[in-house]
Each structure stands twice: as structure tokens, then as C-alpha cells.
K.L.:
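Sharing a structure below in C-alpha cells format, with a few things to ask.
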Amino acid sequence: MDNTKIILNNGTAVNVNGIFYVFNSKYYFIYTTGELDENEYVKLYLVQVCKEVQNTPNGPVDTGYMLGLEITDSTEWKNVQSSITKIVDDKKNGTVSNEIQYLPINMLVNLKIVSANKFKLMKHIIEENFKLVLLSQNNTVGNVNEVVPNINVQSQPQAPLQPSVDGDVIIDYRAKFFEEQDKNQQLEEQIKGLEEKINNIKNIIG
């Protein structure tokens, strides 16, 4: 998990540890403040990430913010929970699931949390698999070296919070850096095509 700053629904900016990733062509962010419940489970949150675009008389305008939204559909939320399991497996085994695309944390810019899904993981999973040391209920820092198996995910849906943005908000998943990923894929395909042409020319020349 990497450290980043997010903006809560009440406007407060807080530092969290999180993972930004793509799963089933959608963008998600898992984060924690390191808070523990009474049973020593670590409280975590998951949001779907999108770009904030606001309607104006002159047309849609990019506000410069990103939004973190709760997954309200129970079927989709259950499916997304499988991504959590895959991520824990990756951290445990040092692997990268072919269903998960991990993204740099610095791609999250001005992320406002509108509403979030809650879940819990056992403390030793966070400390050992995710290499975080829980110093207190609201602080995580440092690294540990050992890796321990077993996943224990507890789902706990959260009631939606009232959005803190004014006006009509359009959810646009094609944020600029998402579009850059599409461009990179197109370039890679063009390069492959050119390489094939070069090889064909070499074969003809002999």
C-alpha cells in the first residue's frame, strides 16, 4: 500500500494508505487509515473512481477533481470483493493477477470520497501481506518482512453519504490518464504492425 491524501465528504483532507487498480475495466481504490475494530480487524474502504465533470451553461467542464463512489449494486459489490481476494493473494505470494492492473498512486488527483463500501481484514494480513505496521488506530507506517497466508474478508456495506458537490455531476470514466492508457495500447499495436512489415521486407530481401 502507498500513502496518499484524499478528501473526505466533510471536506477534511486525510492521509491514507491505499491501492489504486483496474478490475473488469473499472477503476477502484482501496484505502485504510489503520483503524482497528474491537476484534482487532482493520477497517478498510473501497470506492469506484471516476472523473468529476460539472454541467454549466457553456457545457460540461472538468472540475479537476476525481470522485470516489460506493458500489450500490449488491451483485457488483460481491464481484468486486473477489478483486480484494486476488490482491491479498498477490501481496502474499508476490504475484500479479492477470485480472488486476495496479496503477501508480500518484494518478489519483484531488480524490473526493462521496460514499464508500466498508470491509475488514485481519490485522496480521495488513501488517504482513501489505507490509504495513499499525502503530495506532489512526496511523500506519513502516515495513515488515514476513508473509502469512489466509484471507479473512468481512463485508459491511455503508449507507450512502450525501454528495458534497454542487450542481449536476456527470460520471465520466474516460479521465485523461485513462485515455492515455488507450493511446499507449494503440501505439503498441502500431509498433507490432511495423515490426511485422519489417520482418516481411527482410524475408523478401533474403
Side-chain angles (χ1 to χ4, degrees), residues 1-4 6 16-34 41-51 66-109 111 113 115-134 140-158 171 173-189 191-192:
M1 286 188 169
D2 298 310
N3 188 265
T4 190
I6 62 173
V16 297
N17 286 284
I19 295 175
F20 186 32
Y21 67 99
V22 178
F23 177 69
N24 284 346
S25 302
K26 293 184 179 180
Y27 297 81
Y28 299 101
F29 181 53
I30 293 173
Y31 66 94
T32 182
T33 62
Y41 280 88
V42 182
K43 296 181 179 181
L44 295 104
Y45 304 86
L46 184 145
V47 294
Q48 187 169 334
V49 177
C50 56
K51 179 183 177 182
M66 303 180 76
L67 297 179
L69 302 175
E70 176 187 16
I71 300 167
T72 56
D73 181 80
S74 58
T75 301
E76 182 181 358
W77 171 227
K78 185 176 181 180
N79 185 40
V80 172
Q81 287 180 56
S82 69
S83 72
I84 299 170
T85 302
K86 295 178 192 301
I87 289 172
V88 175
D89 281 339
D90 279 349
K91 297 303 179 183
K92 168 191 165 186
N93 300 316
T95 56
V96 178
S97 170
N98 57 12
E99 296 182 56
I100 304 289
Q101 180 185 357
Y102 296 98
L103 301 175
I105 202 74
N106 59 10
M107 293 175 73
L108 282 176
V109 181
L111 176 63
I113 305 299
S115 57
N117 297 87
K118 289 181 178 180
F119 68 98
K120 299 177 184 180
L121 287 174
M122 295 177 67
K123 181 181 177 183
H124 80 269
I125 291 176
I126 295 298
E127 289 191 323
E128 297 168 11
N129 291 5
F130 290 84
K131 307 296 187 286
L132 291 178
V133 177
L134 303 176
T140 58
V141 69
N143 295 305
V144 295
N145 297 318
E146 296 181 4
V147 174
V148 173
N150 296 329
I151 299 174
N152 192 327
V153 180
Q154 290 189 346
S155 170
Q156 183 181 358
Q158 180 185 20
I171 304 306
Y173 294 102
R174 288 168 54 82
K176 291 180 181 178
F177 57 80
F178 300 155
E179 293 175 343
E180 288 301 319
Q181 288 185 336
D182 294 335
K183 291 179 183 177
N184 288 339
Q185 290 179 353
Q186 291 174 7
L187 286 174
E188 288 177 2
E189 291 175 0
I191 291 171
K192 287 180 181 178

K.L.:
Could you tell me whether the side chains of Tyr21 and Ser83 share a donor-acceptor contact shorter than 3.5 Å?
P.N.:
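A donor-acceptor contact under 3.5 Å links the two side chains.
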K.L.:
Heavy atoms, side chains only, cut-off 4.5 Å: are Ile71 and Val47 in contact?
P.N.:
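Contact flag for Ile71/Val47 side chains = no.
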K.L.:
Taking the side chain as every heavy atom from C-beta outward, state whether Asp2 and Phe20 have any atom pair closer than 4.5 Å.
P.N.:
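In short, these two side chains do not touch, never coming nearer than 4.5 Å.
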K.L.:
Got a salt bridge between Glu128 and Lys92, using NZ or NE/NH1/NH2 to carboxylate O under 4.0 Å?
P.N.:
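Answer for the salt bridge query: no.
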K.L.:
Between Tyr28 and Ile19, is there a side-chain heavy-atom distance shorter than 4.5 Å?
P.N.:
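Result no, sub-4.5 Å side-chain heavy-atom pair not found.
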K.L.:
Mind listing the closest non-hydrogen atom pair of Ile84 and Ile30 along with its distance?
P.N.:
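Closest pair (atom of Ile84, atom of Ile30, distance): CG1-CD1, 4.0 Å.
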K.L.:
Please verify the inter-ring angle class for Phe119 with Trp77; under 30° counts as parallel, over 60° as perpendicular, anything in between as tilted.
P.N.:
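Tilted, since the angle between the ring planes falls between 30° and 60°.
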K.L.:
Below 4.5 Å, heavy atoms only, C-beta onward: do Met66 and Leu111 meet side chain to side chain?
P.N.:
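With C-beta onward as the side chain, the pair touches.
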K.L.:
For the atom pair CG (Asn117) and CG (Leu46), what is the distance rounded to the nearest 0.5 Å?
P.N.:
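Reported value, rounded in 0.5 Å steps: 6.0 Å.
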K.L.:
Can any side-chain N or O of Asp73 pair as donor or acceptor with the backbone N or O of Thr75 at less than 3.5 Å?
P.N.:
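Answer holds: yes.
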K.L.:
For Thr95, enumerate each residue passing the side chain to side chain donor-acceptor pair (under 3.5 Å) test, keeping only those at least two apart in sequence or located in another chain.
P.N.:
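Here the qualifying residues are Asp90.
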K.L.:
Return the minimal non-hydrogen interatomic distance between Val109 and Asn106, and the atom names on each side.
P.N.:
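That would be CG2-O, 4.1 Å.
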K.L.:
Taking C-beta and beyond as the side chain, do Gln48 and Glu70 meet within less than 4.5 Å on heavy atoms?
P.N.:
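No - every pair of side-chain heavy atoms lies 4.5 Å or more apart.
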K.L.:
List the steps and the verdict of side-chain contact (heavy atoms from CB on, under 4.5 Å) for Tyr102 and Val22.
P.N.:
CA-CA 7 Å; Tyr102 296 98; Val22 178; over 6 Å; no
K.L.:
On a heavy-atom basis, which atom in Tyr31 and which in Ala116 lie closest, and how many Å separate them?
P.N.:
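So the two residues come closest at OH-CB, 4.1 Å.
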K.L.:
For Cys50 and Leu69, work out which heavy atoms get closest and say how close.
P.N.:
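For Cys50 versus Leu69, the nearest heavy atoms are SG-CD1, 3.8 Å.
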K.L.:
Check whether any side-chain heavy atom of Leu121 sits under 4.5 Å from a side-chain heavy atom of Leu44, and report yes or no.
P.N.:
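When only atoms from C-beta onward are counted, Leu44 and Leu121 do touch, with a gap below 4.5 Å.
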K.L.:
Is there a side-chain contact between Val16 and Tyr45, using heavy atoms and a 4.5 Å cut-off?
P.N.:
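No, side chains not in contact.
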K.L.:
May I ask you to decide if Thr32's main-chain N or O and Asn17's side chain share a donor-acceptor pair within less than 3.5 Å?
P.N.:
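No; judged by distance alone, with no hydrogens or angles, the pair does not exist.
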K.L.:
State, yes or no, whether a side-chain contact exists between Thr85 and Asp89 at a heavy-atom distance under 4.5 Å.
P.N.:
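Yes, close enough: below the 4.5 Å cut-off.
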K.L.:
Supply the atom-to-atom distance Met1 CE to Lys131 NZ, rounded to the nearest 0.5 angstrom.
P.N.:
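Reported to 0.5 Å precision, the distance equals 12.0 Å.
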K.L.:
Excluding sequence neighbours, so at least two apart, what forms side-chain contact (heavy atoms from CB on, under 4.5 Å) with Glu99?
P.N.:
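Scan of Glu99 (side-chain contact (heavy atoms from CB on, under 4.5 Å), adjacent residues dropped) gives Phe23, Lys86, Ser97.
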K.L.:
Just verifying a value: how many Å separate Ser82 OG and Asn24 CG, rounded to the nearest 0.5 Å?
P.N.:
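So the OG of Ser82 and the CG of Asn24 are separated by 7.0 Å.
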